[in-house]
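Everything on this sheet refers to the single structure shown next.
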Amino acid sequence: MKGSIIAGAVATLAAGAAAQAGAWAQCGGQNWSGATTCVSGHTCVFVNQWYSQCQPGAAPQPTTLVTSTTRAATTSAAATPTLAPGKFKWFGTNQAGGEFGEKTYPGVWGTHFIFPDNNAIRTLINQGYNTFRVGFAMERLAQNGLTNSFDAGYLRNFTDSINFITNAGAYAVLDPHNYGRYFGNIITNTADFQTFWRNLATQFVNNPRVIFDTNNEYHTMSQDLVLQLNQAAINGIRAAGAKEQYIWVEGNSWSGAWTWNVTNTNLVALTDPENKIIYQMHQYLDSDGSGTAPACVNAQIGAQRVVGATAWLRANNKKGILGEFAGGPNDVCKQAVRGLLDHLKANSDVWQGALWWAGGPWWGDYMFSFEPPSGTGYVNYNNILREYI
C-alpha cells in the first residue's frame with residue numbers, strides 16, 4: 001500500500017461514456033448509468049446484480065437487476081446466467097508487520113516490527129484462504145548493502161513465518177515492501193539488485209509454494225529503470241536455481257491497476273525462461289486511489305478501475321494478480337468490492353486472484369485490518385470474501 005497520494009488525473013473510462021461499451025467493458029448492473037449495449041461481435045452478459053460485461057460470442061443475458069422474483073419470469077436461457085467462469089489460483093491476504101518501524105533500522109523484533117501471528121494464519125487457512133503476502137524490509141535483511149550477507153536473526157524469524165504458511169499447504173509471497181528503494185534511495189544498481197534476489201531465492205530454492213514479489217509499489221521512478229529492476233530480479237531468482245516458483249512483477253505509479261495500461265506498457269518486454277511471470281497490480285476504491293479514506297467513489301468503481309488492466313492483460317497474453325485491494329466498512333464499498341471481485345472472476349482467464357490489504361497483529365482499529373477475530377476489515381468483509389474461495 002502506498003504511503004502518499006497519487007498525483008495527476010486518470011483518464012475517464014470509456015465504458016460509461018460511449019454509446020456502446022467496448023470489448024470486456026461493463027455494460028450493466030445495479031445503478032449503472034453507462035452504455036448497456038456492446039460493440040459488434042460482443043454481447044452484454046449478466047455476471048451478477050452489480051456487474052454485466054461485454055463478452056465475445058456470448059448468448060444474450062439480462063443486464064438489469066435479477067432477483068428471485070424476476071428470475072422466475074425470464075426465459076430459461078436468461079434465467080440461468082453463467083457466473084464466475086473459473087477459479088482463482090491465489091486468494092488471501094497481505095500480512096503486514098515485518099516492514100513496520102520504517103527508518104528504525106535494524107530495529108528490534110517485537111518492538112519495531114513483527115511477523116504474522118501463526119494462529120491468525122491458521123484461522124484464515126481453515127476458512128479456505130490460500131495465499132499470504134508477507135512484508136519485510138530489505139534494510140533489515142541486508143543491513144550492510146544489497147550484495148552483503150543477510151542478518152541471521154531477521155532471516156530466521158522471516159523464514160519461520162514463511163515455512164509455517166507453506167507447511168500448512170498455502171502459498172507465501174515474499175514481499176520486500178520497499179517501493180523500489182533502499183534506505184530511502186531509489187535503487188539504480190540493477191546488478192546489486194540481481195545479487196540480492198539471487199541470495200534471497202537461494203534460501204527458498206526448494207520450496208515450490210513460495211512466490212517471489214520483486215518489490216512493492218515502485219513509484220516516481222524512470223519507467224525503464226522499473227523494467228530493468230524487474231528483469232534483474234527475475235534473472236537473479238532463476239540464477240539461484242529457483243525454477244518452480246512464480247515471480248510477481250510490479251509496476252511504476254504504485255503498481256496501480258487503474259493506470260497500468262497507460263503507465264506500465266513497457267513491462268510486456270519482461271522475460272522468464274520458466275514462463276512464470278505474473279503481473280501484480282494494486283487497486284483501492286477511494287477518490288484518489290490511495291486507500292487512505294473509508295469512502296468508495298460509488299458502488300461500481302471496483303470493476304471500473306480494473307477494466308483497462310484486464311484489456312491490457314488479455315491483449316498481451318499475460319496473467320495478473322490483484323496483490324492489494326480493500327474497501328471501507330460501509331455498504332457502498334461492499335458493493336464496489338463485490339463488483340471488483342466479480343469482474344476478476346469473470347475474467348479469470350487473465351486474473352489469477354486477489355489479496356486483501358491487510359492482516360497483521362499490530363493493526364489495532366485500522367479500517368482495513370483483516371486480523372481475526374475482530375479486525376474491522378475481517379468483521380465487515382470475511383463473509384463476502386469467502387464467497388470467492
Side-chain angles (χ1 to χ4, degrees), residues 1-3 88-100 113-136 161-162 164-166 168-175 177 211 213 216-217 248 255 257 280-286 289-296 302 321-342 344-345 351-389:
M1 183 178 182
K2 62 178 173 286
F88 289 143
K89 182 178 182 68
W90 299 296
F91 198 74
T93 70
N94 286 267
Q95 291 293 317
E99 77 282 20
F100 282 9
F113 63 90
I114 195 72
F115 286 114
D117 179 343
N118 289 346
N119 290 328
I121 295 292
R122 171 59 67 187
T123 295
L124 295 172
I125 290 175
N126 287 344
Q127 294 182 66
Y129 297 98
N130 75 341
T131 307
F132 302 91
R133 181 173 175 252
V134 183
F136 70 93
S161 184
I162 298 303
F164 179 86
I165 292 168
T166 60
Y171 291 93
V173 185
L174 312 190
D175 165 31
H177 216 78
I211 296 168
D213 178 345
N216 179 69
E217 293 186 349
W248 291 6
S255 215
Q280 182 187 168
M281 307 180 199
H282 299 170
Q283 192 58 63
Y284 295 93
L285 310 179
D286 47 352
S290 66
T292 57
C296 295
I321 180 81
L322 200 63
E324 291 183 17
F325 76 98
N330 56 74
D331 289 342
V332 171
C333 285
K334 289 177 181 179
Q335 292 183 55
V337 166
R338 284 185 184 274
L340 170 65
L341 293 175
D342 286 335
L344 299 186
K345 205 155 189 184
W351 287 107
Q352 300 292 285
L355 306 181
W356 179 272
W357 177 269
W362 282 3
W363 279 125
D365 61 357
Y366 175 52
M367 64 181 171
F368 297 153
S369 171
F370 210 80
E371 192 75 354
S374 59
T376 301
Y378 181 82
V379 169
N380 281 274
Y381 282 92
N382 185 43
N383 287 339
I384 294 174
L385 267 56
R386 288 178 65 187
E387 297 174 16
Y388 297 88
I389 294 173

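We use all heavy atoms of the structure for the numbers below, so side chains are in, but hydrogens, waters and symmetry mates are not.
- Of the inter-residue distances, the one linking Cys296 atom SG with Asn330 atom CG reads 6.0 Å to the nearest 0.5 angstrom.
- At a threshold of 4.5 Å between non-hydrogen side-chain atoms, the residues Asp286 and Thr292 count as touching.
- For the pair Ile162/Phe115, no side-chain contact is recorded, criterion being any heavy-atom separation below 4.5 Å from C-beta on.
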| said: I'd like to know whether Leu355 forms a side chain to side chain contact (heavy atoms under 4.5 Å, CB included) with Asn94, so could you lay out the CA-CA distance, the side-chain angles of the two residues, the decisive distance to 0.1 Å, and finally the verdict. | reply: CA-CA 6 Å; Leu355 306 181; Asn94 286 267; 3.8 Å; yes
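- You'll find the side chain of Phe91 stays beyond 4.5 Å of the side chain of Leu322, heavy atoms only.
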| task | Decide yes or no on side chain to side chain contact (heavy atoms under 4.5 Å, CB included) for Thr376 and Phe370, but give the supporting numbers first. | result | CA-CA 7 Å; Thr376 301; Phe370 210 80; over 6 Å; no
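- With contacts defined as side-chain heavy-atom distances shorter than 4.5 Å, the pair Thr131/Val173 qualifies.
- Shown here for Gly98 and Phe113, the closest heavy-atom pair between the two residues is O-CB, 3.9 Å.
- Between atom CG of residue Leu344 and atom CD of residue Gln352 there is a gap of 11.0 Å, rounded to the nearest 0.5 Å.
- A cation-pi arrangement, defined by a distance under 6.0 Å to the six-membered ring centre and an angle within 45 degrees of its axis, is absent between Lys345 and Tyr388.
- The shortest heavy-atom contact between Ala172 and Ile165 is CB-CG2, 3.9 Å.
- When side chains are defined from C-beta on, Asp213 counts as touching Asp175, because their heavy atoms get closer than 4.5 Å.
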| message | Working note: Arg122 + Gln127, criterion side-chain hydrogen bond (donor to acceptor under 3.5 Å, both in side chains); need CA distance, chi angles, decisive distance, verdict. | response | CA-CA 9 Å; Arg122 171 59 67 187; Gln127 294 182 66; over 6 Å; no
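- Applying the salt bridge (charged side-chain N to carboxylate O under 4.0 Å, His left out) test to pairs two or more places apart or on separate chains, those with a residue in residues 377-389 are Arg338-Glu387.
- The only option from Tyr129, Trp248, Phe132 that meets the ring-ring contact (aromatic ring centres under 6.0 Å, His included) definition with Trp90 turns out to be Trp248.
- In terms of the ring pair (Phe, Tyr, Trp, His ring centres under 6.0 Å) criterion, residue partners of Tyr381 (sequence neighbours excluded) are, by chain and number, Trp356.
- When side chains are defined from C-beta on, Met281 counts as touching Trp351, because their heavy atoms get closer than 4.5 Å.
- The two residues Ile114 and Pro361 come nearest to each other via the heavy atoms CG2-CG, 3.7 Å.
- Heavy atoms only, all atoms of each residue included: Ala336 and Leu285 are closest at CB-CD1, 3.8 Å.
- Residue pairs that meet the salt bridge (charged side-chain N to carboxylate O under 4.0 Å, His left out) test with at least one member in residues 362-381, sequence neighbours left out, do not exist here.
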| request: Show the numbers, then the answer: is there a side chain to side chain contact (heavy atoms under 4.5 Å, CB included) between His177 and Glu217? | output: CA-CA 8 Å; His177 216 78; Glu217 293 186 349; 5.8 Å; no
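- Ring geometry for Tyr366 against Phe368 counts as perpendicular: the plane angle is over 60°, on a 0 to 90° scale with 30° as the lower cut.
- For the pair Asn130 (side chain) and Lys89 (backbone), a donor-acceptor distance under 3.5 Å is present.
- Taking each heavy atom of Ala354 and Ile321 in turn, the nearest pair found is N-CD1, 3.6 Å.
- Judged by distance alone, with hydrogens and angles left aside, the side-chain atoms of Asp117 form a donor-acceptor pair with the main-chain N or O of Asn119 at under 3.5 Å.
- No side-chain donor-acceptor contact under 3.5 Å links Trp363 and Tyr378.
- Atom CD in Gln95 sits 3.5 Å away from atom CD1 in Ile121 (nearest 0.5 Å).
- Put simply, CD1 on Ile389 and CG on Leu124 are 8.5 Å apart, with the number rounded to the nearest 0.5 Å.
- Residues Arg133 and Gln280 meet the side-chain proximity criterion, which asks for heavy atoms closer than 4.5 Å.
- For the residue pair Asn380 and Ile384, the shortest heavy atom distance occurs at O-CD1, 4.0 Å.
- At least one side-chain heavy atom of Leu341 sits less than 4.5 Å from a side-chain heavy atom of Phe325.
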